[in-house]
> 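Got a structure for you, questions after.
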Amino acid sequence: MDWKDTYQVWNNQENLETSLKTELTALKGNDEALEDAFYQPMSFGTAGMRGVMGPGINRMNIYTVRQATEGLATYMDTLGDDVKQRGVAISFDSRHHSTEFAHEAAKVLGQHGIKSFVFEGLRPTPELSFTVRHLKTFAGIMITASHNPKQFNGYKIYGEDGAQMPPKDSDLITSYIRKVTDLFAIQTADEAELKANGLETIIGEDVDKAYLDNVATVTVDHDLAAEEGKDMTFVFTPLHGTGRMPGERALRNAGFKNFITVPEQAEPDGDFPTVKFPNPEFSEAFDLAIKLGKEKNADVLIATDPDADRLGTAVRLPNGDYQLLTGNQIAALMLHYILEANKNAGTLPANAVAVKSIVSTEFATKIAESYHVGMINVLTGFKFIAEQIQNFQDTNSHTFMFGFEESYGYLIKPFVRDKDAIQALTLLAEIAAYYRKQGKTLYDGLEGLYKQYGYFREQTIQQTFEGIEGPKKIEAIIQKFRQAAPKSFAGYDVTAVDDIAKGTKTFTDGHVEQLDLPHAEVLKYWLTDGTWIAVRPSGTEPKIKFYIGTNGTTLDEANDKLKKFADDINAFVAD
């Protein structure tokens with residue numbers, strides 16, 4: 001069927017959910033919008049599915065949620081009763097329809113005789129990851145669109161290790177999802193009966209306490225946190241999301257008593273009324289925190305995104321203003337503190353290792369090397385960091401110390417297998433206390449690291465291509481870089497090119513090496529000055545991303561180089 005036929009099927013549904021029926025009626029005659037909603041099913045990849053809410057097979061709604069869950073349930077049917085008894089943990093964030101989507105998933109699972117463990121209220125993504133491991137469920141479902149705008153929602157599946165499913169498992173589940181062609185024929189169970197029959201269990205405080213008990217182990221220097229924490233002033237905002245309850249409790253457990261939560265952003269709200277984008281990497285998300293921080297002379301401002309898996313921060317400058325740090329800068333501060341504090345305490349293992357994505361800063365690598373700690377690079381996606389953690393545990397080869405992605409995601413302790421802003425919140429507060437005891441701020445701490453290791457600077461350029469033609473445009477740009485990329489950028493020659501889709505590293509002299517990475521659509525260029533440039537399509541949004549990592553002997557030099565590289569990339573894409 002083409003999109004018009006699919007639209008008519010939906011339009012003719014007498015029992016179509018009321019709000020969706022109303023929205024569909026409002027779209028009548030808007031062929032462009034209808035085609036986008038109905039021309040193809042929602043993409044379901046290793047990061048699950050994410051999109052605008054509304055009617056259509058290419059939208060987030062109860063029917064596409066049922067379809068995804070039916071695929072998971074059908075897969076679990078093939079694995080036997082033990083897997084079905086272990087069941088699925090389900091959590092959700094503060095977005096519109098998140099609660100509804102979570103319970104629709106439970107009803108589909110219950111129809112298959114599969115147990116579900118559903119949180120009584122919204123909980124963050126990292127707690128869902130923890131819960132899968134804690135309750136030993138077979139899988140987890142998280143309803144969230146992370147840091148996307150308010151019109152979005154999403155659906156992520158976690159494996160029994162607590163990580164997002166790797167490509168092999170995700171592809172298998174996707175194959176089952178694609179077999180579900182009639183969204184309106186999916187059967188759901190009565191939720192009251194599921195609860196009475198023990199097929200649906202509501203969970204809450206018991207799991208919260210277990211999770212927060214583990215978060216308490218993130219603090220490296222407990223005495224420092226308790227000593228400085230009772231007086232240190234800082235501002236915290238959960239940006240209308242899930243982070244308030246676990247974040248405030250974790251901070252108090254660690255000894256931080258004097259933090260202030262931004263009142264206008266404290267309560268969960270799917271409209272995100274104070275921000276256009278509830279994203280802690282954007283400066284506007286900190287407007288209210290900065291205002292409050294100046295009133296209270298706060299040492300640091302910290303924000304978590306709606307599902308509390310990402311964290312951003314703004315640090316106080318000598319003139320009293322606040323400056324946002326990048327995800328790479330935050331990671332460098334965290335890694336340095338973890339290694340230094342453990343070294344001083346005599347608890348730094350000989351086989352210590354950190355893990356980062358291939359588009360994250362080499363600043364962290366320099367820091368790790370100075371402590372004789374290994375750094376492993378993986379593809380973008382925290383599931384790949386989780387795979388390394390599991391391998392370390394299976395082989396006893398390394399001790400995991402820290403993992404991060406440049407996109408504001410960090411993991412300190414592996415009781416969670418995804419990025420965890422609640423862990424990061426607790427650790428960053430401790431790091432601020434560490435510098436405060438020395439009469440310094442986090443800004444001073446970062447400057448000290450720059451002086452010690454060199455001035456590293458990074459930038460991510462994003463271009464969005466929505467609609468039917470979007471994927472074609474993104475693919476064309478990728479192929480342009482693959483087939484006709486410049487031999488130099490900003491006057492620095494390319495020395496090698498990683499084509500990760502082919503699994504090769506090709507040097508300018510023609511020598512080729514094989515890469516020890518799963519194949520993915522990523523190109524990475526290495527330049528004579530140590531700069532790297534990477535190109536990859538986003539796995540969750542209709543975007544192509546260009547990453548730059550450079551360095552200099554001064555911050556001005558590094559910033560100047562960064563601008564020149566960005567200008568060259570933009571000119572090449574536009575040409």
> Would one find more than 12 heavy atoms of other residues, nucleotides or ligands at under 6.0 Å from atom CD of Glu32?
no
> What's the shortest heavy-atom distance between Ile143 and Tyr155, and which atoms?
CD1-CD1, 3.6 Å
> Please report the interatomic distance CZ(Arg59) to CZ(Phe152), rounded to the nearest 0.5 Å.
9.0 Å
> Centre of Tyr176's six-membered ring, under 6.0 Å away, within 45 degrees of the axis: is that where NZ or CZ of Lys179 sits?
yes
> Can you name the closest pair of heavy atoms from Tyr211 and Pro246 and give their distance?
CE2-CB, 4.4 Å
> State whether a side-chain donor-acceptor pair under 3.5 Å links Tyr7 with Asn12.
no
> Parallel, tilted or perpendicular for Tyr410 and Phe402, by the 30°/60° rule?
parallel
> Can you confirm whether the side chains of Thr25 and Glu23 place a donor and an acceptor under 3.5 Å from each other?
no
> Examine the side chains of Gln390 and Arg417 and answer whether a donor and an acceptor come within less than 3.5 Å of each other.
yes
> Counting N and O atoms only, with roles assigned by atom type, does the side chain of Asp498 sit under 3.5 Å from a partner on the main chain of Ile500, one being a donor and the other an acceptor?
no
> Just checking Glu475: does its CD atom have more than 12 heavy atoms from other residues, nucleotides or ligands closer to it than 6.0 angstrom?
yes
> Does Lys502, at its NZ atom, have more than 12 non-hydrogen atoms belonging to other residues, nucleotides or ligands within less than 6.0 Å?
no
> For His240, does its backbone N or O pair with a side-chain atom of Ser94 as donor and acceptor, under 3.5 Å?
yes
> Taking the six-membered ring for Trp and the full ring for Phe, Tyr or His, determine whether the centres of Phe481 and Phe546 are under 6.0 Å apart.
yes
> So Phe101 and His97, would you call those rings parallel, tilted or perpendicular, with 30° and 60° as cut-offs?
parallel
> Quick check for you: to the nearest 0.5 Å, what is the distance between Ile90 atom CD1 and Leu128 atom CG?
9.0 Å
> Examine distances only and state if a side-chain atom of Gln423 and a backbone atom of Ile412 form a donor-acceptor pair shorter than 3.5 Å.
yes
> Please verify the inter-ring angle class for Phe138 with Tyr75; under 30° counts as parallel, over 60° as perpendicular, anything in between as tilted.
tilted
> To the nearest 0.5 angstrom, please state how far the CE atom of Met401 sits from the CG atom of Leu411.
12.0 Å
> Would you say the side-chain atoms of Asn61 pair up with the backbone N or O of Gly54, donor to acceptor, closer than 3.5 Å?
yes
> Would you indicate whether Asp5, at its atom CG, is surrounded by more than 12 heavy atoms from other residues, nucleotides or ligands within a distance under 6.0 Å?
yes
> For the residue pair Ala496 and Phe507, what are the closest heavy atoms and their distance?
CB-CD2, 3.7 Å
> Does the ring center of Trp532 lie less than 6.0 Å from the ring center of Tyr547?
no
> Please walk me through it: do Glu521 and Arg482 pass salt bridge (Lys or Arg N to Asp or Glu O under 4.0 Å)?
CA-CA 10 Å; Glu521 190 66 282; Arg482 176 171 280 120; 2.6 Å; yes
> Among Arg133, Lys136, Arg86, find the residue that satisfies the salt bridge (charged side-chain N to carboxylate O under 4.0 Å, His left out) test when tested with Glu160.
Arg86
> Are Lys419 and Phe404 in a cation-pi setup, meaning NZ or CZ lies under 6.0 angstrom from the ring centre and within 45 degrees of the ring axis?
no
> Verify the distance criterion only: is there a donor paired with an acceptor across the side chains of Asn148 and Arg50 at less than 3.5 Å?
yes
> Is a side-chain donor or acceptor of Glu120 paired with a backbone partner of Val118 at a separation under 3.5 angstrom?
no
> Quick one about Thr64 and Gln67 (side-chain donor to acceptor, distance below 3.5 Å, no hydrogens or angles considered), yes or no?
no
> Is it the case that the side chain of Arg244 and the backbone of Gly241 share a donor-acceptor pair, with hydrogens and angles ignored and the cut-off at 3.5 Å?
no
> For Met165, which of Ile173, Thr174, Leu172 qualifies under side-chain contact (heavy atoms from CB on, under 4.5 Å)?
Ile173
> Nearest heavy-atom pair of Pro280 and Asp305: which atoms, and what distance?
CD-CB, 3.5 Å
> Would Arg95 and Glu100 count as a salt bridge (Lys or Arg N to Asp or Glu O under 4.0 Å) if you check the C-alpha gap in whole Å, the side-chain angles of each, and the deciding distance to 0.1 Å?
CA-CA 10 Å; Arg95 291 175 180 276; Glu100 178 185 2; over 6 Å; no
> Tell me, yes or no, whether the heavy-atom count around Asp2 atom CG, taken from other residues, nucleotides or ligands under 6.0 Å, exceeds 12.
yes
> Would you confirm whether the ring centroid of Trp10 sits within less than 6.0 angstrom of the ring centroid of Tyr63?
yes
> How long is the straight-line distance from CZ of Arg123 back to CG of Asp208, given to the nearest 0.5 Å?
4.0 Å
> Verify, without hydrogens or angle tests, whether Thr188 (side chain) and Val108 (backbone) share a donor-acceptor contact under 3.5 angstrom.
no
> List the steps, then state whether side-chain hydrogen bond (donor to acceptor under 3.5 Å, both in side chains) holds for Ser19 with Glu17.
CA-CA 6 Å; Ser19 65; Glu17 195 270 333; 2.5 Å; yes
> For Ser98, run the side-chain hydrogen bond (donor to acceptor under 3.5 Å, both in side chains) check against Asp93, Thr242, Asp307 and tell me which one passes.
Asp93
> Take Glu387 and Asn391 through the test side-chain hydrogen bond (donor to acceptor under 3.5 Å, both in side chains) and record every step on the way to the result.
CA-CA 6 Å; Glu387 280 184 342; Asn391 179 59; over 6 Å; no
> Can you tell me how far NE2 of His147 sits from OG of Ser407, rounded to the nearest 0.5 angstrom?
7.5 Å
> For residues Gly243 and Ala308, report the shortest heavy-atom separation together with the two atoms involved.
CA-CB, 4.0 Å
> For the pair Thr504 (side chain) and Thr506 (backbone), establish whether a donor and an acceptor sit closer than 3.5 Å, ignoring hydrogens and angles.
no
> Step by step, would you call Glu200 with Lys107 a salt bridge (Lys or Arg N to Asp or Glu O under 4.0 Å)?
CA-CA 9 Å; Glu200 181 180 330; Lys107 290 191 289 185; over 6 Å; no
> Is the closest side-chain donor-acceptor distance between Lys413 and Asn214 under 3.5 Å?
no
> So, Thr361 and Glu458: side-chain donor and acceptor under 3.5 Å apart, yes or no?
yes
> Please determine whether side-chain hydrogen bond (donor to acceptor under 3.5 Å, both in side chains) holds for the pair Glu70 and His112, giving the CA-CA distance in whole Å, both sets of side-chain angles, and the decisive distance to 0.1 Å.
CA-CA 9 Å; Glu70 180 72 10; His112 287 255; 3.0 Å; yes
> Would you please test Lys524 and Asp499 for salt bridge (Lys or Arg N to Asp or Glu O under 4.0 Å) and show each step?
CA-CA 7 Å; Lys524 189 170 184 179; Asp499 190 331; over 6 Å; no
> Provide the closest heavy-atom pair for Glu104 versus Val65 in the form atom of the first, atom of the second, distance.
CB-CG1, 4.5 Å
> Working to the nearest 0.5 angstrom, can you tell me the gap between Lys84 NZ and Ile114 CD1?
5.5 Å
> Could you tell me whether a side-chain N or O of Thr144 sits under 3.5 Å from a main-chain N or O of Ser146, the two making a donor and an acceptor?
yes
> Can Thr125 and Asp418 be said to form a side-chain hydrogen bond (donor to acceptor under 3.5 Å, both in side chains), step by step?
CA-CA 8 Å; Thr125 290; Asp418 203 349; 6.0 Å; no
> Within the distance-only criterion (no hydrogens, no angle test), does the side chain of Lys480 pair as donor or acceptor with the backbone N or O of Phe572 below 3.5 angstrom?
yes
